[in-house]
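Below: one structure, written as C-alpha cells.
None of the values given here were measured: they were computed from a predicted structure. Counting begins at 1 with the first residue of the sequence.
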Amino acid sequence: MRIFKIILVILFFTGTIPIINYCWFSKVGSSKIRTVNNEEIKNRIVLVFGAGREYRNGKQPNYFFNGRVQAVVALRHHYPQCKIIISGYSDGKNYDEANDMKAELIARGIKDTLLFLDHSSNNTYQSLQYYNRHFLYEPVVVVSQKAHLCRILWIAQQMNIDAVGIEATGWPKREPYWFLFREIIARLKATFKIYLKL
C-alpha cells in the first residue's frame with residue numbers, strides 16, 4: 001500500500017507541475033501579445049523566429065513559415081522602416097530557416113537592407129541571448145505562433161528584455177496533441193534553463 005501511495009504522489013507531481021508550468025507561461029505570454037496596429041509596437045525592432053519553407057521531412061506547406069512571413073509583412077506595412085532580425089537554424093546543407101524566410105520576405109517587397117540574419121542560435125533561449133548581445137536591450141516585438149510566442153515572452157521577461165509579441169497564424173485547424181506535448185516539455189526545459197542554469 002505504501003508503494004502504491006508513493007507511485008500516486010510521483011504521478012501527481014509529474015503530471016501537475018508540468019501543467020501548472022505550462023499555464024504560467026501562457027498567462028505571462030498572453031498578457032504581452034499585441035495587435036499589429038497597437039501603438040506599443042511602434043519603433044521596436046522585429047525579431048521573427050525562423051522556420052523552413054517546408055518541414056525537415058519535406059512535407060509542405062509549413063504553416064509556421066507561412067504564418068510568420070504574413071505577420072512580418074503586416075508589421076512592415078504599418079512600420080515600413082522597422083529593422084527585422086530573422087533567427088533560424090541551419091544544418092549547413094539544404095535546410096536553412098533564416099535564408100528561406102529572408103528570400104520570401106524580399107519577394108514580398110521588404111528591402112534586403114532591413115533584414116538581419118542570426119544563424120548562430122539553435123533555440124529560443126540562444127536567439128534572445130543573441131538579441132541582448134547585439135541590440136543591448138532595445139525594445140523588441142517578437143513574431144511566432146501563440147504557444148511558442150508565450151514561451152518566448154516568458155523567457156524574455158526573465159532576461160529583462162522589453163518584449164511584446166505578434167501572434168502568427170499556424171495550423172488551419174486545432175494544433176495536434178503531439179505539438180502540445182512538445183511545448184509542455186519545452187516550457188519545462190526553459191524553466192530549468194532560467195532558474196537552474198541547466
Side-chain angles (χ1 to χ4, degrees), residues 20-51 63-89 97-98 101-102 104-105 108-111 114-118 120-171 175 179-180 183-184 186-191 193-195:
I20 291 173
N21 188 70
Y22 183 90
C23 293
W24 177 27
F25 277 61
S26 294
K27 183 177 181 181
V28 170
S30 295
S31 71
K32 294 177 177 291
I33 295 175
R34 305 289 184 263
T35 56
V36 171
N37 58 358
N38 189 298
E39 192 66 22
E40 196 174 350
I41 301 296
K42 191 175 182 180
N43 298 323
R44 288 177 180 258
I45 294 173
V46 177
L47 172 58
V48 57
F49 286 74
Y63 297 116
F64 285 179
F65 178 88
N66 294 338
R68 293 175 197 181
V69 166
Q70 290 168 7
V72 172
V73 169
L75 278 168
R76 189 259 180 185
H77 176 75
H78 281 81
Y79 314 105
Q81 297 305 315
C82 62
K83 295 178 182 178
I84 302 164
I85 304 167
I86 307 170
S87 181
Y89 171 77
E97 294 177 341
M101 193 163 284
K102 177 182 179 180
E104 185 64 25
L105 289 172
R108 301 281 190 104
I110 297 180
K111 296 178 181 177
L114 296 176
L115 301 173
F116 303 86
L117 300 186
D118 167 21
S120 63
S121 302
N122 291 321
N123 56 52
T124 301
Y125 184 78
Q126 289 178 2
S127 295
L128 291 171
Q129 283 185 316
Y130 174 93
Y131 183 81
N132 265 347
R133 285 196 305 271
H134 294 276
F135 293 91
L136 301 175
Y137 295 95
E138 287 188 51
V140 62
V141 53
V142 293
V143 176
S144 193
Q145 280 70 26
K146 187 171 183 179
H148 184 215
L149 189 58
C150 286
R151 174 157 45 98
I152 297 166
L153 292 168
W154 182 90
I155 296 171
Q157 178 175 281
Q158 308 310 310
M159 296 173 71
N160 297 314
I161 298 172
D162 180 3
V164 294
I166 293 294
E167 181 182 349
T169 58
W171 277 285
E175 293 170 344
F179 180 80
L180 174 62
E183 186 60 30
I184 288 172
R187 293 185 186 190
L188 278 174
K189 287 174 64 176
T191 302
K193 186 77 175 178
I194 292 292
Y195 290 111

What orientation do H134 and Y130 show, parallel under 30°, tilted 30 to 60°, or perpendicular over 60°?
tilted
Start with the C-alpha distance between R34 and E40, add both sets of side-chain angles, then the distance that settles salt bridge (charged side-chain N to carboxylate O under 4.0 Å, His left out), and finish with yes or no.
CA-CA 8 Å; R34 305 289 184 263; E40 196 174 350; 2.7 Å; yes
Contact check, side chains of C82 and I84, non-hydrogen atoms, under 4.5 Å:
yes
Quick one: are the ring centres of F64 and F179 less than 6.0 Å apart?
yes
Is it the case that over 12 heavy atoms from other parts of the model lie below 6.0 angstrom from the NE2 atom of H77?
no
Do M159 and Y125 touch side chain to side chain, with heavy atoms closer than 4.5 Å?
yes
With rounding to the nearest 0.5 Å, note down the distance linking CD in E138 to CG in D162.
10.5 Å
Just wondering, do R76 and R108 contact through their side chains at under 4.5 Å, heavy atoms?
no
Contact between L47 and V143 at the side-chain level, heavy atoms closer than 4.5 Å - yes or no?
no
Would you find a donor on one side and an acceptor on the other, under 3.5 Å apart, between the side chain of Y79 and the backbone of V36?
yes
Once the angle between the rings of W24 and W154 is folded into 0 to 90°, is it parallel (under 30°), tilted (30 to 60°) or perpendicular (over 60°)?
perpendicular
Would you sort out whether K102 and L117 count as a side-chain contact (heavy atoms from CB on, under 4.5 Å), showing the intermediate values?
CA-CA 8 Å; K102 177 182 179 180; L117 300 186; 3.9 Å; yes
Test item: Q126 side-chain N/O and N122 main-chain N/O as donor-acceptor pair under 3.5 Å
yes
Pairwise side-chain contact, V72 with L105, heavy-atom cut-off 4.5 Å (strictly under)
yes
Does Q158 form a side-chain hydrogen bond (donor to acceptor under 3.5 Å, both in side chains) with Y195? I'd like the steps, not just the answer.
CA-CA 9 Å; Q158 308 310 310; Y195 290 111; 3.1 Å; yes
Quick one, E97 and R68 - any side-chain contact, counting heavy atoms below 4.5 Å?
no
Under the side-chain contact (heavy atoms from CB on, under 4.5 Å) rule, what do S30 and K146 come out as? Steps first, then yes or no, please.
CA-CA 8 Å; S30 295; K146 187 171 183 179; 3.6 Å; yes
Is any side-chain heavy atom of E167 closer than 4.5 Å to one of S144?
no
Can you see whether S120 engages D118 through a side-chain donor-acceptor pair at a distance of less than 3.5 angstrom?
yes
Please answer whether the main-chain N or O of Y22 pairs with a side-chain N or O of R187 as donor and acceptor at a distance below 3.5 Å.
yes
Give the intermediate values and the outcome of side-chain contact (heavy atoms from CB on, under 4.5 Å) for residues L149 and I33.
CA-CA 8 Å; L149 189 58; I33 295 175; 3.8 Å; yes
